[in-house]
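Numbering of residues begins at 1 and proceeds along the displayed sequence. Scope of the values below: all heavy atoms of this structure, side chains included, with no hydrogens, waters or symmetry mates.
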Amino acid sequence: MTAFETYLDGLRGKRVAVIGAGVSNMPLIERLRAAGLSVTVHDKKTASALESQYDALTGLGAELVLGEHYLDDLPEDVIFRTPGVHPKHPALCAARERGSLVTSEMELFFELCPCPIIGITGSDGKTTTTTLVYEILNRAGHTVHLGGNIGRPLLPEVEQITPEHLAVVELSSFQLMDMRRSPAVAAITNLTPNHLDYHDTFEEYVGAKTSIFRFQPEGGRLVLNWDDSVTHGLVFPHPESVCWTSKTTAPQNGVYLRADGMLCIAEGGKARELLPQEEIRIPGAHNVYNLMMAAALVQGYASDDDIRAVAREFGGVEHRIEFVREKDGVRYYNDSIASSPTRTTAGLESFQEKLILIAGGYDKHLDYTALAGPVCAHVKTLVLTGATAPKIRAAVERAAGEKPAMIDAADFADAVRQAARAAQPGDVVILSPASASFDCFKNFMERGDRFKELVWAL
């Protein structure tokens with residue numbers, strides 16, 4: 001009997017709830033039902049909104065509680081929380097008080113996974129760092145399982161994972177918030193205000209992120225950014241396990257950028273050269289941090305040659321300063337992943353020329369004051385759209401110095417058209433919204449895909 005089968009056997013006679021019928025939970029629902037367990041799926045969508053998924057769920061024999069009042073009653077014994085529902089939701093608090101166990105698909109994976117887990121979180125750069133780690137470990141010859149917040153559930157393949165394999169997992173604050181397990185090797189890329197529409201405070205957000213190392217055993221490894229003031233000030237359960245990445249100092253253990261542009265790896269105060277910064281294929285100063293983070297994470301699992309090869313070949317991840325096309329001498333870039341001011345700032349600073357920036361979207365209750373200076377310094381024309389457009393405009397108007405031309409677009413498609421009209425040969429147009437996508441799109445991927453469609457239609 002596998003560990004998963006043993007776990008499922010322990011649920012016999014218990015009622016199980018799965019909150020959310022999304023992609024990450026469907027394999028879990030299928031496995032629970034295949035084991036003959038009583039499963040109720042709670043989802044905010046109506047039957048018609050679920051479309052074909054409704055038929056799939058009823059075909060599995062799951063009970064459904066749908067619509068606006070989907071969380072009014074949670075009588076089940078074991079409840080799998082979807083990341084989008086806050087752990088402190090009154091319905092979940094009441095269920096815990098009644099003795100229910102609240103867990104998640106990701107926490108169950110951590111419980112059952114037999115191999116070392118490398119976990120990455122942070123406000124910016126998670127997906128690129130996670131993908132770099134995966135590519136380096138693949139290059140080194142490992143069998144690697146990639147998933148988590150990057151868009152792929154790992155629980156369905158946990159029974160095929162052996163102790164000799166490696167799992168590389170991207171983790172969001174939503175997933176980490178009530179986790180009671182930490183990966184053996186963990187990293188936080190940086191911490192800046194984000195998702196404050198979900199988290200009550202920035203302190204709560206930081207607390208969620210630090211769950212990635214809070215339960216880490218002795219002998220693990222934690223990789224942090226020395227140059228990020230928030231991560232620098234954290235308290236660690238095992239300080240001896242911390243490795244740092246930095247552009248400003250040479251740590252005893254970690255990866256750093258020397259003043260002459262050479263990336264170096266330090267172990268016990270002894271440093272060796274890795275490769276010159278200019279050999280990193282993906283553009284942007286922030287991607288130097290991402291590569292340093294990845295290099296620190298794979299120590300003991302991959303050689304320096306593996307890291308060098310990936311650094312020179314890896315062209316980046318879709319929707320992250322992704323080159324779309326050049327038309328009439330104008331280059332178009334898709335940076336839809338940039339849903340916060342810091343992420344957009346990093347995108348702007350990746351180019352030498354002044355840009356035409358498309359910004360704005362769903363309001364996560366972020367402060368755009370810090371974005372205004374970089375916009376004034378790096379943007380010639382600012383095209384605004386979405387709910388945050390007035391907030392971004394106001395922040396830029398308050399900033400000191402020369403302001404870019406500002407255009408208010410009627411909608412997203414109009415924003416792309418306005419940006420194209422404003423562009424001259426030699427210009428760069430970039431979608432880097434500094435805002436989430438949920439006002440018009442399901443996620444940043446859909447927004448980025450729509451941008452690419454519109455650019456190709458010009």
Stepwise salt bridge (charged side-chain N to carboxylate O under 4.0 Å, His left out) test for Glu107 and Arg180: CA-CA 8 Å; Glu107 187 160 35; Arg180 294 172 288 267; 3.0 Å; yes
Are any of the side-chain heavy atoms of His319 and Lys452 separated by less than 4.5 Å? yes
Give, for atom OH of Tyr289 and atom NZ of Lys247, the distance between the pair rounded to the nearest 0.5 Å. 5.0 Å
Can you tell me how far the CG atom of Leu297 sits from the OG1 atom of Thr129, to the nearest 0.5 Å? 7.5 Å
Using the test salt bridge (charged side-chain N to carboxylate O under 4.0 Å, His left out), find all partners of Glu273 that sit at least two apart in sequence or belong to another chain. Arg258
Among Val375, Leu382, Val379, Val396, which residue meets the side-chain contact (heavy atoms from CB on, under 4.5 Å) test with Lys403? Val396
Glu353 atom CD, neighbour heavy-atom count above 12 within 6.0 Å: yes
For Arg393 and Glu397: C-alpha separation, side-chain torsions, deciding distance, then whether salt bridge (charged side-chain N to carboxylate O under 4.0 Å, His left out) applies. CA-CA 6 Å; Arg393 174 184 275 276; Glu397 288 174 343; 3.2 Å; yes
For atom CD of Glu313, is the number of surrounding heavy atoms from other residues, nucleotides or ligands below 6.0 Å larger than 12? yes
Ring centroids only, cut at 6.0 angstrom: are Phe441 and Tyr362 within range, meaning strictly under it? no
Can we call the ring centroids of His142 and His165 under 6.0 Å apart? no
Would you compute the distance between atom CZ of Phe80 and atom CG of Leu155 and round it to the nearest 0.5 angstrom? 8.0 Å
Asn443 and Ser437 side chains, donor-acceptor separation under 3.5 Å: no
Separation between CG of Asn25 and CG of Asp43, rounded to the nearest 0.5 Å: 9.5 Å
Atom of Ala359, atom of Ser432 and distance for their closest heavy-atom approach: CB-O, 4.0 Å
Under-4.0 Å salt bridge between Lys45 and Glu51: no
Aromatic rings Trp244 and Phe236: how do their planes relate, parallel, tilted or perpendicular, breaks at 30° and 60°? perpendicular
Rounded at 0.5 Å granularity, tell me how far OG in Ser350 sits from CD1 in Ile430. 7.0 Å
For Lys209 and Thr121, does a side-chain donor sit closer than 3.5 Å to a side-chain acceptor? yes
Looking at every heavy atom in both Phe213 and Val235, which two are closest together, and how far apart are they? CE1-O, 3.5 Å
Please tell me whether Asp124 and Asn190 have a donor and an acceptor in their side chains that are separated by less than 3.5 angstrom. yes
Answer yes or no: does atom CD of Glu240 have more than 12 heavy-atom neighbours from other residues, nucleotides or ligands under 6.0 Å? yes
Rounded to the nearest 0.5 Å, what's the gap from OG1 on Thr189 to CE on Met292? Could you check? 12.0 Å
Give a yes-or-no answer on whether the side chains of Thr127 and Glu170 include a donor-acceptor pair shorter than 3.5 Å. yes
